[in-house]
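Here's the structure, in structure tokens; my notes come after.
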Amino acid sequence: MDRLRAFEVFATVVARGGFARAADALNTSPANVTRYVSELEGYLGSRLLNRTSRRLSLTEAGEALYERAQTILEEVAEAEALASATTLKPRGRLRVNAPLSFGIRHLAPLWPRFMVLYPDVLLDIALTDRVVDMVEEGFDLGIRISRGGSPTYAARKLATSRNVLCASPEYLARHGVPQTPDCLANHVRVAYSYTGVPEDWVLLDPEGKPVTVRVPIRLVTNNGDTARAAALAGQGIIWQPTFLIGDDLRAGRLVPVLPDHRIPDIDILAVYPSRRHVSAKVRALIDFLADAFHGTPAWECQSGDAA
């Protein structure tokens, strides 16, 4: 039994939530996936997965192995990348998926630099706020804005962005400045539809305890720039990341609301389908982006900071 392959198959079954989905991701058959997991369980002498017709869950042994297997696979991928980097030159089409607003504001200025560094790579950039299936839609790399990492794909963190509750000075002058979370019930908000548009907002008070507030919705949109435009026009309060509204906050076009109440930060991730056999072009782009976003991102700089 190829134990490294077995670890990869087992980790993919867990990440994908099923044998058939893992087979698709690994470009093999469900029977092969089942065989690898069964052989791994036999080799270890422990059941790793509880299987029913509707649900798949980890046993205690499976949980311990899954955590360690992920680390092993990441280390192997890094070793492979170091070895291949000395012999392989990045080349060929590189399909990248990224969110619309982030892609326009923060990635578009970087692509010309990457093109100069890697003239044999043909960049194919697709911008959409919809979460795509990277394997099914044929993407080599994706940029994701996430709080919980990437349970499905391998990922590398590029940067962090704060979420800020804010409104225009004109809106606050007309409707008053909320002094407590309860005051938000007397205001209106502009909602972002890809968060599911829950009726409630959950804020963290100065002690870190969650506070749930219900704010009437004035507008729903699936695009952050549309939400920003509505807020700048005085049409409600928004909850948006600093990579989108950082300039507006520094210029005073938008003003933080309830600044002593926090919203969890979000991570900017580079995600890719597999930890193993990462191509030279994908590795080159991941390293390029990690270097470009190293340190304090521009959207977190205060007015007067060095550019």
Side-chain angles (χ1 to χ4, degrees), residues 98-109 127-130 145-147 159-268 296-305 307:
L100 183 61
S101 295
F102 187 85
I104 293 172
R105 289 169 177 268
H106 301 291
L107 294 176
L127 301 182
T128 176
D129 289 332
R130 173 180 61 87
I145 314 297
S146 171
R147 285 186 195 161
T160 299
S161 181
R162 291 179 299 121
N163 277 311
V164 178
L165 206 65
C166 58
S168 70
E170 293 76 16
Y171 172 87
L172 295 174
R174 290 199 314 271
H175 300 278
V177 178
Q179 300 300 317
T180 66
D182 289 342
C183 295
L184 291 174
N186 299 318
H187 288 262
V188 294
R189 66 177 171 125
V190 177
Y192 182 62
S193 60
Y194 280 122
T195 61
V197 197
E199 294 183 1
D200 299 330
W201 271 344
V202 180
L203 313 177
L204 300 178
D205 71 11
E207 284 74 43
K209 297 178 181 178
V211 178
T212 301
V213 293
R214 180 158 295 188
V215 189
I217 297 173
R218 183 77 175 87
L219 170 70
V220 177
T221 176
N222 67 351
N223 174 256
D225 273 304
T226 300
R228 169 181 171 268
L232 289 170
Q235 295 305 308
I237 299 174
I238 57 170
W239 166 338
Q240 287 292 327
T242 46
F243 72 72
L244 181 67
I245 58 171
D247 288 343
D248 299 314
L249 293 171
R250 285 189 290 274
R253 294 186 293 266
L254 293 174
V255 179
V257 172
L258 296 174
D260 58 337
H261 284 69
R262 189 171 61 84
I263 303 169
D265 295 340
I266 52 176
D267 291 332
I268 316 297
T296 302
W299 55 78
E300 297 294 351
C301 294
Q302 303 299 315
S303 58
D305 287 353

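The model shown is predicted, which means the values in this text are computed figures rather than measured ones.
Within the structure, the salt bridge (charged side-chain N to carboxylate O under 4.0 Å, His left out) test picks out no pair touching residues 166-182 (sequence neighbours left out). Among residue pairs with one or both ends in residues 230-245, those qualifying as side-chain hydrogen bond (donor to acceptor under 3.5 Å, both in side chains) are S161-T242, T242-E300; sequence neighbours excluded. Legend: salt bridge (charged side-chain N to carboxylate O under 4.0 Å, His left out) pairs involving residues 232-242, not counting sequence neighbours: none detected. Residue pairs meeting the salt bridge (charged side-chain N to carboxylate O under 4.0 Å, His left out) criterion with at least one member in residues 222-237, sequence neighbours excluded, are R105-D225, R228-D248.
With a 4.5 Å cut-off on side-chain heavy atoms, V211 and P181 count as touching. Taking 4.5 Å as the limit, some side-chain heavy atom of I263 sits within range of a side-chain heavy atom of L203. At least one side-chain heavy atom of I238 sits under 4.5 Å from a side-chain heavy atom of C166. Considering only heavy atoms from C-beta on, L254 comes within 4.5 Å of L232 through its side chain. Residues D267 and S146 fail the side-chain proximity criterion, which asks for heavy atoms closer than 4.5 Å.
Across all non-hydrogen atoms, the minimal contact from H106 to W299 is CE1-CE3, 3.5 Å. Of all heavy-atom pairs between S193 and V220, the closest is CB-CG1, 3.7 Å. In terms of heavy-atom proximity, A231 sits nearest to S168 at O-CB, 3.3 Å. Residues H187 and C183 share a closest heavy-atom pair of CD2-O, 3.2 Å.
Legend: residues meeting side-chain contact (heavy atoms from CB on, under 4.5 Å) with P210, ordered by chain and number and at least two apart, are V202, L204. A167 meets the side-chain contact (heavy atoms from CB on, under 4.5 Å) test with Y171, L172, I237, V257; sequence neighbours excluded. Partners of H261 according to the ring-ring contact (aromatic ring centres under 6.0 Å, His included) rule, which considers only residues two or more places apart in sequence or in another chain, do not exist here. Taking the side-chain hydrogen bond (donor to acceptor under 3.5 Å, both in side chains) definition, one finds that T212 meets it with nothing, sequence neighbours left out. Partners of L127 under the side-chain contact (heavy atoms from CB on, under 4.5 Å) rule, at least two apart in sequence or in another chain, are A98, L100, I104, I125. Residues satisfying the salt bridge (charged side-chain N to carboxylate O under 4.0 Å, His left out) criterion with D205, sequence neighbours excluded, are absent altogether. When the side-chain contact (heavy atoms from CB on, under 4.5 Å) test is applied to L219, the partners found at least two apart in sequence or on another chain are V190, A230.
The CH2 atom of W201 sits 9.5 Å away from the CG atom of L258 when rounded to the nearest 0.5 Å. Separating the CG atom in L107 from the CZ atom in F102 is a distance of 5.0 Å, to the nearest 0.5 Å. Rounding to the nearest 0.5 Å gives a distance of 5.0 Å between CD1 of I268 and CD1 of I266. A distance of 4.5 Å separates OG of S101 from CG of N223, quoted to the nearest 0.5 Å. To the nearest 0.5 angstrom, R162 atom CZ is 7.5 Å from L249 atom CG. Here Y192 contributes atom OH and D129 contributes atom CG; the two are 3.5 Å apart, rounded to the nearest 0.5 Å.
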As a quick check of understanding, evaluate side chain to side chain contact (heavy atoms under 4.5 Å, CB included) for I245 and V164, giving each step before the final call. CA-CA 9 Å; I245 58 171; V164 178; 4.1 Å; yes

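Looking only at distances, a side-chain donor or acceptor of R189 sits under 3.5 Å from a matching main-chain atom of V215.
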